[in-house]
Amino acid sequence: MTENENIELAELLFGEEELKTREEYEEMYPYRKLGNKSEVTRLAPSPTGFMHLGNLYSALADERIAHTKEGVFFLRIEDTDAKRKVEGAVELVIDSLKYFGIEFDEGEGLGQGSGIYGPYTQSERKEIYHTFAKELVEKGLAYPCFCEEDELEAIRKEQEEKKELTGYYGRYAVWREKSLDEIKEAISMGKPYVLRLRSQGSPDKEFTFKDEIKGEVNLPENIHDVVILKKDGIPTYHFAHAVDDHLMRTTLVLRGGEWLASVPTHVELFNALGFKLPKYAHTAHMMKIDPETGGKRKLSKRSDPEMSLSFYREEGYHPHCIKIYLMTLLNSNFEEWHRNNPEALPEEFPFSVKKMNNSGALFDMDKLESICKDELSMLDEGAVYEFIENWAKEFAPEKHAVYFADKEKMLSVLRLCMGVGQKRRRKDLINAKQALEFVSIFFESPGDGEDEFKQTPEDVKAILEDYLSRFDYEDDNQVWFEKIKEIAQNNGFATDRKVYKENPGNFKGETSDVAEVVRIAITGRANTPDLWSIIHIIGEEEMKERLSAKI
RNA sequence: GGCUUGUUGGUCAAGUGGUUAAGACGCCGCCCUCUCACGGCGGAAACAGGGGUUCGACUCCCCUACAAGCUACCA
């Protein structure tokens, strides 16, 4: 087609619409005035109503990249696929990220003053896309394609049989070289069409692309006449990405590694549109071991509950701990930094895109729990109280009513369980749910699933009876423990560890074994905070009741 | 099938031509200790395989294996 025919075609396709010009848009959305090291990043989720760890992972990376250098982090909703749209999804994105302390500077759903680069929802940007699509048609870089699904299917089949590259390109691009008259005829028949890019790429050329994470990558040029506008006039991801990230002045596109393969398409699109290419950083996906195959695979929201962000809320993981965990995955030198600067906020860490991992990390629950223990142990009991209380109110109301009835009691329980005031803090608390369980010994008699005695039933009985007969509530911790030692002495247990070690055969055990019997009898557990203190929180009556149940 | 990217101990990972190949989690042992913890010390445990290049390869190149991603009018 000639230049004039292209212009005529563009009029034919878009003439009915009142479109702004490209220049008007460029003026509407001026380049941001930021330092030259500042980055503009964005989170661009589909509103599927589901937030998973991967979303949080990249959101945190985006947010850190923007905010460590006074850049901008915004939210754009990619709802070009109507099938996936879910009510309330935008709020879910904003809320769940806020819960983890990640806030946007501008974007969708943030209310007034949330930025001049909007609309931030793709379904509201149709005219904008059309302006640029029309321009592409005028320049002969895009054309309508009236192929229907079965035709495309037939092409693909033929290609597969011939073992050729599948897709709509070259001689398979049947509408690529149609005349204006043929197109006009198809339009007049009311046939639906999509708009495709007229690719200028060569099948045997490649180019090197510099990814901020992966480094230099050699990629083939794009040769596919990809769809840029679907038959309903809504753009595909590729086209929307080019137009949006250009007009919203994104400087760094951080996205999942599955997009790396479409970089050639994006590069061609940016060139065709006359846009400057942003920097790209393609991240690896978080993986997990597939319980069925034993292999490593991408975490999926379908089969992995620990993938859902709501899982962490429901289990009562402290958002700060999750953040710390993700930071250690994101930047491998974070952990060391954090150890050296335990008081510093993660926001003070010099985050670097370059330090990001290029292979998929396995989600490691053990590691997460270890971090939780460390982080929680550094808080004061008031903060932990507040956190657990809020969680219990929402997720365990019946326990909440009992455990939090007496604030002073709960505070002293927490002080004890955390080792506040001791030389070293304890590290028993992982999350709110587990903490409530840990703390339950102060509010309920030990129930099922308790630890078992390691001594014989006869010895247990003897020890407990002996203990009960000697017990005096007025004893202080020292005296109380002296009595434990006496019991050990009387029942054939060693009271001196060294003596015991030298001749273990001469004894049934040592003091700690006797203490363990008493501990398990009272609490149902081998691992608890200081026993004497526990007794003085639950009271003499309660202790005696629990003990007599065991004799 | 084609294209792309990966592969360092069980897991997360430093490492960028010459290292006894860090560290963390987990596991095991010892020590400390008035019981539980905390803490301290130590241990087992790795460069997927094969070819090159080089005086010398975890590091560079090639091949193979394995894994992941893409190959839509989904993102």
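Everything numeric in this text was worked out from a predicted model, so none of it was measured. So that the names make sense, note that chain A is the first sequence line, chain B the second, and so on, each numbered from 1.
- For the salt bridge (Lys or Arg N to Asp or Glu O under 4.0 Å) condition, no pair includes a residue of residues 518-534 of chain A, sequence neighbours left out.
- Residues Glu216(A) and His224(A) each lie close to RNA chain B; by heavy-atom proximity, the contact nearer the 5' end of the strand is made by Glu216(A).
- The base of U35(B) lies close enough to the side chain of Asp530(A) for a donor and an acceptor atom to sit less than 3.5 Å apart.
- The side chain of Lys373(A) places no N or O atom within less than 4.0 Å of a non-bridging phosphate oxygen (OP1 or OP2) of C25(B).
- Stem regions annotated for RNA chain B: B:1-7 with B:65-71, B:10-12 with B:23-25, B:27-31 with B:39-43, B:48-52 with B:60-64, counting only runs of 3 or more consecutive pairs of Watson-Crick or G-U type with both contacts under 3.5 Å.
- Contact annotation: Lys427(A) side-chain N/O to G39(B) OP1/OP2 distance is under 4.0 Å.
- For the pair Asn333(A) CG and A14(B) C1', the computed distance is 10 Å after rounding to whole Å.
- Distance noted for atom P between G42(B) and C25(B): 14 Å (whole Å).
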Look for any protein N or O under 3.5 Å of an N or O in nucleotides 73-75 of chain B and output each such pair with its distance, or none.
from: C73(B); atom 1: O2; to: Lys231(A); atom 2: N; distance (Å): 3.0
from: C73(B); atom 1: N4; to: Cys147(A); atom 2: O; distance (Å): 3.1
from: C74(B); atom 1: OP2; to: Lys230(A); atom 2: NZ; distance (Å): 2.8
from: C74(B); atom 1: O2'; to: Asp81(A); atom 2: OD2; distance (Å): 2.9
from: C74(B); atom 1: O2'; to: Arg84(A); atom 2: NH2; distance (Å): 3.4
from: C74(B); atom 1: O2; to: Arg84(A); atom 2: NH2; distance (Å): 2.7
from: A75(B); atom 1: OP1; to: Thr80(A); atom 2: OG1; distance (Å): 2.7
from: A75(B); atom 1: OP1; to: Lys230(A); atom 2: NZ; distance (Å): 2.6
from: A75(B); atom 1: OP2; to: Tyr237(A); atom 2: N; distance (Å): 3.3
from: A75(B); atom 1: O5'; to: Thr80(A); atom 2: OG1; distance (Å): 3.4
from: A75(B); atom 1: O3'; to: Glu78(A); atom 2: OE1; distance (Å): 2.9
from: A75(B); atom 1: O2'; to: Ser46(A); atom 2: OG; distance (Å): 3.0

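- Taking the nucleotide of RNA chain B with the nearest heavy atom to each of Lys498(A) and Ser370(A), the more 5' of the two is matched to Ser370(A).
- Summarising the geometry, the separation between CG on Asp211(A) and P on G69(B) is reported as 18 Å, rounded to the nearest angstrom.
- Counting non-hydrogen atoms under 4.0 angstrom, Arg519(A) reaches a base of the nucleic acid.
- At a threshold of 4.0 angstrom between heavy atoms, the contacts of Ile484(A) with the nucleic acid are absent.
- Between the NZ atom of Lys214(A) and the P atom of U5(B) there is a distance of 9 Å, given to the nearest Å.
- Side chains of Tyr172(A) and Asp225(A): a donor-acceptor N/O pair is absent below 3.5 angstrom, by distance only.
- Note on Ser332(A): a side-chain N or O is less than 4.0 Å away from OP1 or OP2 of A14(B).
- Inspection of the Gln159(A) and Thr166(A) side chains reveals no N or O donor paired with an N or O acceptor under 3.5 Å.
- Distance CG (Leu53(A)) to C1' (C12(B)): 14 Å, rounded to an integer number of Å.
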